[in-house]
**Q** 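Take this structure, written in C-alpha cells, and hold onto it; I'll ask about it next.
The first residue in the sequence is number 1, and the count goes up from there. What you are looking at is a predicted structure, and each value in this text was computed from that prediction instead of being measured.
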Amino acid sequence: MTDTAFQLGKPALVCRWRLAGRHVPLLNRHMRALSQRRVNGEALSTNLLGWVKQHIEWSLAEDPAAVADGVLMVVVDEAGQAAMSTGAYEPLADASLEDLALRAQTAQVEASELGVAPEVLCTAEDGGITIGLSTDVPAAGATSLVEHLAQTRGIALKRDPALPFRAVSGLVGGEAFLVSDEYGIVAATNAGCAQEDAGTVAFLSAAFEKLYDAVR
C-alpha cells in the first residue's frame, strides 16, 4: 500500500476522523468500529487494519504535510486497498435540526451497506439520552464515547432508529444533537430544551473538547 506505483481504485468506504495535533484522539474506538465495517459484504482484512493503525501511530505525527488540527480521511477501494490523507477541518455550515436529521439518515443508509453509521442524531430529554440507531448496529468511535460518558454519569441510554425520521417532521423533544466522528458533538441550533437537557449536551461537548486539547 506504500508502493509508489500504487493506485487506489473506486472508493467503497470513506472514514473521516477528527485530528488534533496530528493525532487521532479516538483512535482505538475508531479502529474497533473500522473492524466492524464491510466492503463488498466482507470484513476488512487484518493486514489493512494493521496498516491503518501503524501508519497513524508511527507516521502521522511526524508528517509535516499533515493538517495538524484537521480531518484524517481513510479511503478503502472495492479491492480492499487503502490510502490516507488529511484535510482542513471546517465546522458544519448548517446545524439546524432538519439538516442534522438528514445527515443522520444518510449515515443510516451507509450503515446498512457498510456496517457502521459515522454520524448519529441523538436527543437529551428527561435526564436520559436517545441514540438514533438500531440496537444491532455497532457504534462508531464518537458514538461509543458518548455511550461510555453517559454510563459513567449514570445517564440512561436507549436506542431508537426512527429518531432522525421523526426529527425531520419535528416530532422530537428535548435537546437534539449530532454525534459525528468528524464534528464531535453538534447541538441543533433551532431546538429549544430544558436546562437539564442542555447541560447534558454541554457535558458531552466539553468532554470531547478536553480530549482534543489533551493531545494537541
Side-chain angles (χ1 to χ4, degrees), residues 15-18 20 25-26 28-30 32-33 36-37 89-214:
C15 297
R16 296 177 63 89
W17 300 339
R18 182 77 173 270
L26 298 177
N28 288 335
R29 294 179 184 274
H30 288 320
R32 283 195 293 271
Q36 298 297 312
R37 286 177 161 91
Y89 170 77
E90 296 182 5
L92 280 177
D94 186 354
S96 66
L97 176 58
E98 294 79 6
D99 189 71
L100 298 186
L102 289 172
R103 293 184 69 93
Q105 288 179 357
T106 299
Q108 281 195 352
V109 173
E110 179 173 331
S112 70
E113 298 172 351
L114 303 176
V116 176
E119 297 184 330
V120 179
L121 188 72
C122 302
T123 56
E125 186 174 13
D126 299 329
I129 293 175
T130 299
I131 297 175
L133 275 182
S134 174
T135 56
D136 61 350
V137 175
T143 304
S144 73
L145 178 58
V146 166
E147 291 178 327
H148 176 77
L149 291 170
Q151 291 164 356
T152 61
R153 289 282 290 258
I155 298 172
L157 285 168
K158 66 178 181 180
R159 288 194 175 193
D160 177 7
L163 182 63
F165 301 92
R166 291 192 288 105
V168 170
S169 302
L171 301 177
V172 296
E175 171 79 339
F177 60 101
L178 188 75
V179 180
S180 168
D181 284 346
E182 179 175 0
Y183 298 104
I185 304 296
V186 183
T189 55
N190 58 341
C193 63
Q195 184 175 358
E196 179 184 14
D197 301 330
T200 297
V201 179
F203 157 69
L204 294 174
S205 181
F208 271 73
E209 290 303 321
K210 286 179 181 178
L211 188 62
Y212 300 151
D213 290 341

**Q** Atom CG in Leu26, atom OG1 in Thr143: separation rounded to 0.5 Å?
**A** 10.0 Å

**Q** Go through it in stages, so that I can follow the logic: the residues are Phe165 and Leu171, the test is side chain to side chain contact (heavy atoms under 4.5 Å, CB included), and I'd like the CA-CA distance, side-chain angles, deciding distance and then a yes or no.
**A** CA-CA 9 Å; Phe165 301 92; Leu171 301 177; over 6 Å; no

**Q** Where do Ala140 and Pro118 come nearest, in terms of heavy atoms and distance?
**A**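 What the structure gives for the nearest pair is CB-CA, 4.2 Å.
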
**Q** Stepwise, does the side chain to side chain contact (heavy atoms under 4.5 Å, CB included) test hold for Val172 with Thr130?
**A** CA-CA 10 Å; Val172 296; Thr130 299; over 6 Å; no

**Q** Nearest 0.5 angstrom please: Arg29 CZ to Leu145 CG, how far?
**A** 5.0 Å

**Q** Mind listing the closest non-hydrogen atom pair of Pro138 and Gly115 along with its distance?
**A**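 Shortest heavy-atom contact: CD-O, 3.3 Å.
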
**Q** Under the 3.5 angstrom rule, does the side chain of Asp181 hit a backbone N or O of Ala142 as a donor-acceptor pair?
**A**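 Flag set: sc Asp181 to bb Ala142 pair under 3.5 Å.
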
**Q** Could I get the full list of ring pair (Phe, Tyr, Trp, His ring centres under 6.0 Å) partners for Tyr89, not counting sequence neighbours?
**A**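 Listed in chain order: Tyr183.
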
**Q** Which heavy atom in Ser134 sits nearest to a heavy atom in Pro161, and how many Å separate them?
**A** N-CB, 3.7 Å

**Q** For the atom pair CG (Asp94) and CG (Leu100), what is the distance rounded to the nearest 0.5 Å?
**A**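 These two atoms lie 7.5 Å from each other.
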
**Q** State, to 0.1 Å, how close Cys122 and Ile129 come at their nearest heavy-atom pair, and which atoms those are.
**A** CB-CG2, 4.4 Å

**Q** Distance from Phe203 atom CZ to Leu149 atom CG, nearest 0.5 Å?
**A** 5.0 Å

**Q** Are any of the side-chain heavy atoms of Glu175 and Thr200 separated by less than 4.5 Å?
**A** no

**Q** Shortest non-hydrogen contact from Ala20 to Pro25?
**A** CB-CG, 4.0 Å

**Q** Would you give the length of the straight line joining atom CD1 of Ile185 to atom OG of Ser180, rounded to the nearest 0.5 angstrom?
**A**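 Between atom CD1 of Ile185 and atom OG of Ser180 there are 9.0 Å.
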
**Q** Is the side chain of Arg159 donor-acceptor paired with the backbone N or O of Val137 at a distance under 3.5 Å, no angle test?
**A** yes

**Q** Rounded to the nearest 0.5 Å, what separates atom CZ in Arg103 from atom CG in Leu121?
**A** 11.5 Å

**Q** Does a salt bridge link Arg16 with Glu119, judged by any charged N lying under 4.0 Å from a carboxylate O?
**A** no

**Q** Looking only at non-hydrogen atoms, find the nearest pair between Gln108 and Pro164 and report the distance.
**A** NE2-CG, 3.7 Å

**Q** List the residues meeting salt bridge (Lys or Arg N to Asp or Glu O under 4.0 Å) with Asp99, not counting sequence neighbours, and say none if there are none.
**A** none

